[in-house]
Amino acid sequence: MIGRIHSFESFGTVDGPGVRFVSFMQGCPLRCLYCHNPDTWDIKRKCQYEMTPEQLRDEALKYRSFIKSGGITVSGGEPLMQAEFVAEYFRLCHEEGLHTALDTSGAIITDKVLNVLDNTDLVLLDIKTMDAELYPRLTGVNQNNNLAFLDILEERGINTWIRHVVVPEITDNDKWLRKLGNHVAHYNCVEKIEILPYHTLGTYKYEKLGEKYKLMDTPALSAQRANEIRNMMSQYKPCQ
């Protein structure tokens, strides 16, 4: 079993609690308008690493002294496109006593995906919008699995952080932000909401790929507005 890995981050501090070893997997079924890693979309695209689950675990263990109070995270792209690989990697990391976190859009629900959850301590679930009509225009897929995935996490009692990218003029909408807050407030598994301000740092990658970046005229979200949203969302769940 070989996993196709776009890149590593040895001392990640934003993808789960503590210091973490983060693996960014190749491949994603979504085409989010604001994606800053379009080079991860094509699962067959040349990637930096091809490894077995054992080799990736061994790579993570090189940093054990740093991540022992944090853990490992698998992100993407969409890591559940390589669910069988991630399931085995998580199982091996659990054998080593490492905390496991899955950063996902929840777009894929299969038996192999459910196997991943057997050894998942935390899910970072990205809910792009609560507007069902906007969701496919924003991502290229419908929202059904995204919300159904949250139901599965609730049933299994898996700790969950909700992530939401706020894009000016698109998802920066108090009505839909409050709808998101109201929706996740009813889930015991949801520990907090993370507001991620839209930025333009990945636009150069589109040029390198010969792709058009469709939000070129969209400004980054201001720090002031991000803080206003965090204050508003804190009435539903802890928010940062």
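All residue numbers in this chain count up from 1 along the given sequence.
One N or O on the side chain of Gln26 and one on the backbone of Asp39 form a donor-acceptor pair closer than 3.5 Å. The main-chain N or O of Met232 is found under 3.5 Å from a side-chain atom of Gln235 such that the two form a donor-acceptor pair. Checking side-chain atoms of Arg64 against main-chain N and O of Glu96 turns up a donor-acceptor pair under 3.5 Å. Asn146 contributes a side-chain N or O that, together with a main-chain N or O of Ser105, makes up a donor-acceptor pair within less than 3.5 Å.
Atom NZ in Lys214 sits 11.0 Å away from atom CG in Leu138 (nearest 0.5 Å). In this structure, OG1 in Thr52 is found 6.0 Å from CD1 in Ile2, a value given to the nearest 0.5 Å. The CG atom of Leu150 sits 11.0 Å away from atom CD1 of Ile158, with the distance rounded to the nearest 0.5 Å. Within the model, atoms CG of Asp15 and CZ of Arg20 stand 8.5 Å from one another, a figure rounded to the nearest 0.5 Å. Between the CG atom in Leu102 and the OG1 atom in Thr120 there is a gap of 5.5 Å [rounded to 0.5 Å]. Rounding to the nearest 0.5 Å places OG1 of Thr160 at 7.0 Å from CG of Leu125.
Within 6.0 Å of CZ in Phe11 there are more than 12 heavy atoms belonging to other residues, nucleotides or ligands. The local environment of NZ in Lys205 is crowded, with over 12 non-hydrogen atoms from other residues, nucleotides or ligands closer than 6.0 Å. Summarising the local packing, CD of Glu84 is surrounded by 12 or fewer heavy atoms from other residues, nucleotides or ligands at distances under 6.0 Å. The 12-atom threshold is not exceeded at NE2 of His36, counting heavy atoms of other residues, nucleotides or ligands nearer than 6.0 Å. Shown here is Glu95, whose CD atom has more than 12 heavy atoms of other residues, nucleotides or ligands within 6.0 Å. Other residues, nucleotides and ligands contribute more than 12 heavy atoms inside 6.0 Å of the CG atom of Asp174.
Leu153 and Trp161 are assigned to two separate hydrophobic clusters, defined by single-linkage of ILVMFWY side chains at heavy-atom distances under 4.5 Å. A chain of hydrophobic side-chain contacts below 4.5 Å, direct or via other Ile, Leu, Val, Met, Phe, Trp or Tyr residues, connects Leu117 to Val190.
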Worksheet item: Is there a side-chain contact (heavy atoms from CB on, under 4.5 Å) between Tyr34 and Lys128 once you walk through the steps?
Response: CA-CA 11 Å; Tyr34 52 76; Lys128 314 290 184 178; 3.2 Å; yes

Item to complete: Give the C-alpha distance, both sets of side-chain angles, the deciding distance and a yes or no for side-chain contact (heavy atoms from CB on, under 4.5 Å) between Leu215 and Thr203.
Response: CA-CA 9 Å; Leu215 301 183; Thr203 55; over 6 Å; no

Practice prompt. Evaluate the salt bridge (charged side-chain N to carboxylate O under 4.0 Å, His left out) criterion for residues Glu59 and Lys62: first the C-alpha distance (whole Å), next the side-chain angles of each, then the deciding distance (0.1 Å), finally the verdict.
Written response: CA-CA 5 Å; Glu59 185 69 24; Lys62 293 178 182 178; 3.0 Å; yes

Item to complete: I would like to know whether Leu98 and Phe21 meet side-chain contact (heavy atoms from CB on, under 4.5 Å); could you show each step before the answer?
Response: CA-CA 10 Å; Leu98 294 174; Phe21 177 81; over 6 Å; no

Item to complete: Determine, stepwise, if the pair Arg163 / Asp103 fulfils salt bridge (charged side-chain N to carboxylate O under 4.0 Å, His left out).
Response: CA-CA 9 Å; Arg163 293 185 143 183; Asp103 183 7; 3.3 Å; yes

Item to complete: Check step by step if side-chain contact (heavy atoms from CB on, under 4.5 Å) holds for Val113 and Thr104.
Response: CA-CA 11 Å; Val113 166; Thr104 180; over 6 Å; no

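Between Asn182 and Tyr236, the shortest heavy-atom contact is OD1-CE2, 3.4 Å. Counting all heavy atoms, side chain and backbone alike, Cys189 lies closest to Glu154 at N-OE1, 2.8 Å. Gly76 approaches Asn37 most closely through the heavy-atom pair O-ND2, 4.1 Å. Listed here is the closest heavy atom pair of Glu50 and Gln55: O-OE1, 4.3 Å. Closest of all the heavy-atom pairs between Ile67 and Ala60 is CD1-O, 3.7 Å. For the pair Ile109 and Gly106, the tightest heavy-atom approach, listed with the atom from each and the gap, is CG1-O, 4.4 Å.
Residues Asp131 and Lys175 fail the side-chain proximity criterion, which asks for heavy atoms closer than 4.5 Å. Within the 4.5 Å cutoff, the side chain of Cys239 has heavy atoms near those of the Ile195 side chain. Considering only heavy atoms from C-beta on, Met25 stays 4.5 Å or farther from Thr40 through its side chain. Within the 4.5 Å cutoff, no side-chain heavy atoms of Thr171 are placed close to those of Val165. Side-chain atoms of Asp121 and His94, non-hydrogen and from C-beta on, do get closer than 4.5 Å to each other. By the 4.5 Å heavy-atom criterion applied to side chains, Lys237 and Ile162 are not counted as neighbours. Leu180 has its side chain within reach of Met233: a pair of non-hydrogen atoms, C-beta onward, lies under 4.5 Å apart. Contact of the Leu33 side chain with the Arg137 side chain is not registered, since no non-hydrogen atoms from C-beta on lie closer than 4.5 Å.
By the 30° and 60° cut-offs, the orientation of the rings of Tyr206 relative to Trp41 is perpendicular. Below 30°, between 30° and 60°, or above 60°: for Tyr49 and Phe8 the angle between ring planes is below 30°, a parallel geometry.
We find that Arg57 and Glu54 are not joined by a salt bridge, their nearest charged nitrogen and carboxylate oxygen being 4.0 Å or further apart.
Residues that satisfy the side chain to side chain donor-acceptor pair (under 3.5 Å) test with Asp151, not counting sequence neighbours, are Tyr187. Residues that satisfy the side chain to side chain donor-acceptor pair (under 3.5 Å) test with Asn145, not counting sequence neighbours, are absent from this structure.
For the pairing with Tyr89, the side chain to side chain contact (heavy atoms under 4.5 Å, CB included) check across Val116, Val74, Thr100, Asn119 returns one residue only, Val74.
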